[in-house]
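So you know, we letter chains A, B, ... as the sequences are listed, proteins then strands, and number each from 1. As a basis for the values below, the full set of heavy atoms in this structure was taken, side chains included, without hydrogen atoms, waters or symmetry mates.
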There are 2 protein chains.
Amino acid sequence: MARRGSYAKGVAKREEILGVALEVIAQDGYRAASVKEIADAVGLSQAGLLHYFSSKEELFVEILRKRDELDQDSLDGSPAELREGFLRVIRHNVSTPGLVELFSRQAAEAADAEHPAHAFFLLRNAALRESLTSALRRVGNDSDGAIAGVDPDTIARMIQAVADGVQLQWLLDPEVDMTGVVDALLGLLIEKSGHE
Amino acid sequence: MARRGSYAKGVAKREEILGVALEVIAQDGYRAASVKEIADAVGLSQAGLLHYFSSKEELFVEILRKRDELDQDSLDGSPAELREGFLRVIRHNVSTPGLVELFSRQAAEAADAEHPAHAFFLLRNAALRESLTSALRRVGNDSDGAIAGVDPDTIARMIQAVADGVQLQWLLDPEVDMTGVVDALLGLLIEKSGHE
DNA sequence: GTCTATATGCTGATAGAC
DNA sequence: GTCTATCAGCATATAGAC
């Protein structure tokens, strides 16, 4: 129990760090996404923080993972709820530009198979596609979830691509209506699946 | 003439550098996208290369601009040709992953309004949307280029988003069929505009 | 115009005391 | 577990010779 106790404290501290990191990056923007800034916000020195994460890159991955975890509630439930939940997540992202920038940068840097975030993004993307295709299969007219002859996996990639791509446009120009663009696509897809 | 001569030589050298940079990054990947690697490929020292570009960031912007310039031929012409040209550009990108990674990274980093690539991406994106909306207006049934009630600007953003977003997926996993996903969206949009 | 050499500056990572 | 101190390292940027 003593061993588990100290282990649990380490886990709790990690969680605390991730929570604070999420807040400070959301509030202060991507500039706050340095080890030192996060350490300051938590009330630790840089070295103190790196006691819990083996590297900056690992820290960033865990931040993104925690963020997904907090968003997960919105992505559970029925197909109709999935659409609304998906849009809710995007709407929420508007209030956290720093996290969106962190995500977008890491997504690009993760191209390298050796990058610490590479496996994370592969898994994350696959899980998201799975949620989407499963919803498509349950709601579509075609039993396999295809829409107008397009297979569900391609549809899922399309939805994810639009969401990720419009983020880049929005980071460049906050006037861009991220939710509107994604919702327009979802609307077109649903109409299409309903009418065929 | 003497002045214009030396000026012209400077321009010519810049162009030469950009051409070589495009080649080396396309061939050797994003790792070749450092000032030193490019300088080596051109046959200059690092300092010699930076004589022509005030900073690394400016160099990168010019590389991306040059790339667009070379792709421009594919994006001229009629609406039908625009679709084919758009897909041709994406197909070509498959052979230049280093450039796609450079583009994606810069697109994310350009979020900061102070970043040298910020203005470039704003202009580039606007020009691309203009090409797309103009094609939509010429080809659509609705005189204003809307599709199923979605305004042409949103459609244009959607198309651009899917192209940028699927690149991230493809960088992560080269098995992903970038062209297929984008073409599927274009197909859905065209059907939709044709049937309504 | 191009080079060599160096400054600069950050920031992530590590060693070792407490 | 946390800190202070320090290293390491690189890649950009600049100065100055040729």
- is_close_aromatic(Phe121(A), Phe103(A)), centroid dist under 6.0 Å: yes
- Roughly how many Å is it from CD1 in Ile17(B) to P in dG1(C), rounded to a whole number? 11 Å
- Message: What is the distance, to the nearest angstrom, from the CZ atom on Arg14(B) to the P atom on dG1(C)?
- Response: 12 Å
- Whole-Å distance separating the CD atom of Glu58(B) from the C1' atom of dT14(D): 16 Å
- Item | Crowding at CD, Glu175(B) (>12 non-hydrogen neighbours, <6.0 Å) | no
- Specify the residues of residues 26-42 of chain A, ordered by number, for which at least one heavy atom lies under 4.0 angstrom from an atom of DNA chain D. none
- Message: Mind checking if Leu44(A) touches a base, just sugar-phosphate, or nothing, with heavy atoms under 4.0 Å?
- Response: sugar-phosphate
- Item | Rounded distance in Å - CZ (Phe53(A)) to P (dT14(C)) | 16 Å
- Whole-Å gap separating P (dA11(D)) and CG (Leu49(B)): 15 Å
- Minimal non-hydrogen separation, Leu82(B) against Ser131(B), with atom names: CD2-O, 3.7 Å
- Message: Is the phosphate of dT12(D) approached by Gln46(B) (side-chain N or O, under 4.0 Å from OP1 or OP2)?
- Response: yes
- Task: Tell me which nucleotide among dT12(D), dT4(D), dG12(C) gets nearest to the side chain of Lys56(A).
- Result: dG12(C)
- Message: Under 3.5 Å, is there a donor on one side chain and an acceptor on the other for Asn125(A) and Gln169(B)?
- Response: no
- How long is the line joining NE2 of His115(B) and P of dT12(D), in whole Å? 12 Å
- Query: Is there a donor in the side chain of Thr179(A) and an acceptor in the side chain of Arg91(A), or the other way round, less than 3.5 Å apart?
  - Reply: no
- Note on the structure: Rounded to whole Å, CG of Leu50(A) lies from C1' of dA8(D) at a distance of 15 Å
- Ala47(B), nearest nucleotide to its side chain (from dA15(D), dT14(C), dA13(D)): dA15(D)
- Message: For Arg31(B), is the CZ atom crowded, meaning more than 12 foreign heavy atoms sit under 6.0 Å from it?
- Response: no
- Task: Using distance alone, with no hydrogens and no angle criterion, decide if Asp151(A) and Thr154(A) have a side-chain donor and acceptor under 3.5 Å apart.
- Result: yes
- Residue-phosphate contact under 4.0 Å: His51(B) side-chain N/O, dG1(C) OP1/OP2: yes
